Amino acid sequence: MTPLLPLPAHPHLHPEMWATIEAAGVGATVLLNIDAGPGSGLDPTWTAATTRLVRAGASLLGYVDLAYGARPTEHVRAELGRWAGYPVRGVFFDQAPTSPYSIGPVAVAVRAARRIGFDTLLVNPGRPTDSLYRGLGTVLCTFEGSWEQYRVGTEDGVRSGDAHLVHSVPLDQIETCHELMRARGARFGLATNEASVHGAPVLPVAV
């Protein structure tokens, strides 16, 4: 299981977060989110800081919001192009739809990311999708919820190799959560003590 570490903070404002990620180094996959995406243009500070993370052995994903398929395709493509200006190897598509009738915008976004050269693609509907989404060839995030919910179990349709995002985890149970993710075959896992996985702080992880 690969730890997924969210990093929404500017390196000047929260250098401790960046230092924690850099220390995690090899095996960590970092989810970058400058301003609900890549921001309006390249930031030299982010370029330098992200380059240091890559040198430490981390893999970087850029955050792109699909708004459940409602965002204009040109906006999504523009954000993918801006992420390509950083040392980012993949994309985390958030707020993806689940209906087979809404897969079109997701498929367009995935194809655009692959044409740019991104090789790690996560699509996050937060729950199991229609089986058509499996044909996209991405990692699906099929669980997003609280630690209490996750301990009880996951819905039908969650498969080995999916990603799991878990919030509201007591700090002393973070590693227990990671162990449960591994036991359930998660390919990527995010665990945070915050009440939401969005904008969650970096926490110590075991690879």
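The structure presented is a predicted model; accordingly, all values stated were derived computationally and were not measured. The residues of the chain are indexed from 1 along the displayed sequence. The figures here come from the full heavy-atom set of this structure, side chains too, leaving out hydrogens, waters and symmetry mates.
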Exercise for review: Kindly confirm or rule out a cation-pi arrangement of Arg184 over Tyr150, judged by NZ or CZ under 6.0 Å from the six-membered ring centre and within 45° of its axis?
Suggested key: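 Checked: cation-pi criterion met.
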
Beyond-backbone contact of [X] with [Y], side-chain heavy atoms, under 4.5 angstrom:
X	Y	result
Trp83	Val91	no
His10	Thr45	yes
Thr29	Leu31	no
Ile103	Asp130	no
Pro170	Trp147	yes

Once side chain to side chain donor-acceptor pair (under 3.5 Å) is applied, do any residues pair with [X], and if so which ones, sequence neighbours excluded?
X	result
Arg127	Thr98
His14	Glu16
Thr154	none
Trp46	none

Review point. Between atom CG of Leu140 and atom CZ of Arg187, what is the distance when rounded to the nearest 0.5 Å?
Key: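 The CZ atom of Arg187 is 11.0 Å from CG of Leu140, to the nearest 0.5 Å.
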
Exercise for review: Output the distance between atom OG1 (Thr2) and atom CE (Met181), rounded to the nearest 0.5 Å.
Suggested key: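 Interatomic distance, Thr2 OG1 to Met181 CE, rounded to 0.5 Å: 12.0 Å.
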
Hey, can you pull the donor-acceptor pairs under 3.5 Å for the side chains in residues 104-115, sequence neighbours left out?
{"residue": "Arg114", "atom": "NH1", "partner": "Leu136", "partner atom": "O", "Å": "3.1"}
{"residue": "Arg114", "atom": "NH2", "partner": "Leu136", "partner atom": "O", "Å": "3.0"}
{"residue": "Arg114", "atom": "NH2", "partner": "Gly137", "partner atom": "O", "Å": "3.1"}

Point to revise | Polar side-chain atom of Trp18 near backbone of Leu53 as donor-acceptor pair, under 3.5 Å | key: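 Not a single qualifying donor-acceptor pair exists.
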
Point to revise | For the student: nearest non-hydrogen atoms of Leu80 and Val64, plus distance | key: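 Heavy atoms of Leu80 and Val64 come nearest at CD2-CG2, 4.1 Å.
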
Point to revise | hydrophobic_cluster_shared for Met17 and Val88, side chain cutoff 4.5 Å | key: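 In one cluster: yes.
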
Check your understanding: Should Leu132 and Phe93 be counted in the same cluster of Ile, Leu, Val, Met, Phe, Trp and Tyr side chains packed under 4.5 Å apart?
Key ->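 Both belong to a single hydrophobic cluster.
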
Just to verify, what does [X] make a side chain to side chain contact (heavy atoms under 4.5 Å, CB included) with, not counting sequence neighbours?
X	result
Ser146	Glu148, Gln149, His167, Ser168
Pro87	Thr50, Thr51, Val54, Leu60
Ala56	Glu22

[X]: salt bridge (Lys or Arg N to Asp or Glu O under 4.0 Å) partners, not counting sequence neighbours:
X	result
Arg89	Asp119
Asp162	Arg134
Glu79	Arg71

Point to revise | Pairs meeting criterion salt bridge (Lys or Arg N to Asp or Glu O under 4.0 Å) with involvement of residues 32-54, two or more places apart | key: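 Found none.
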
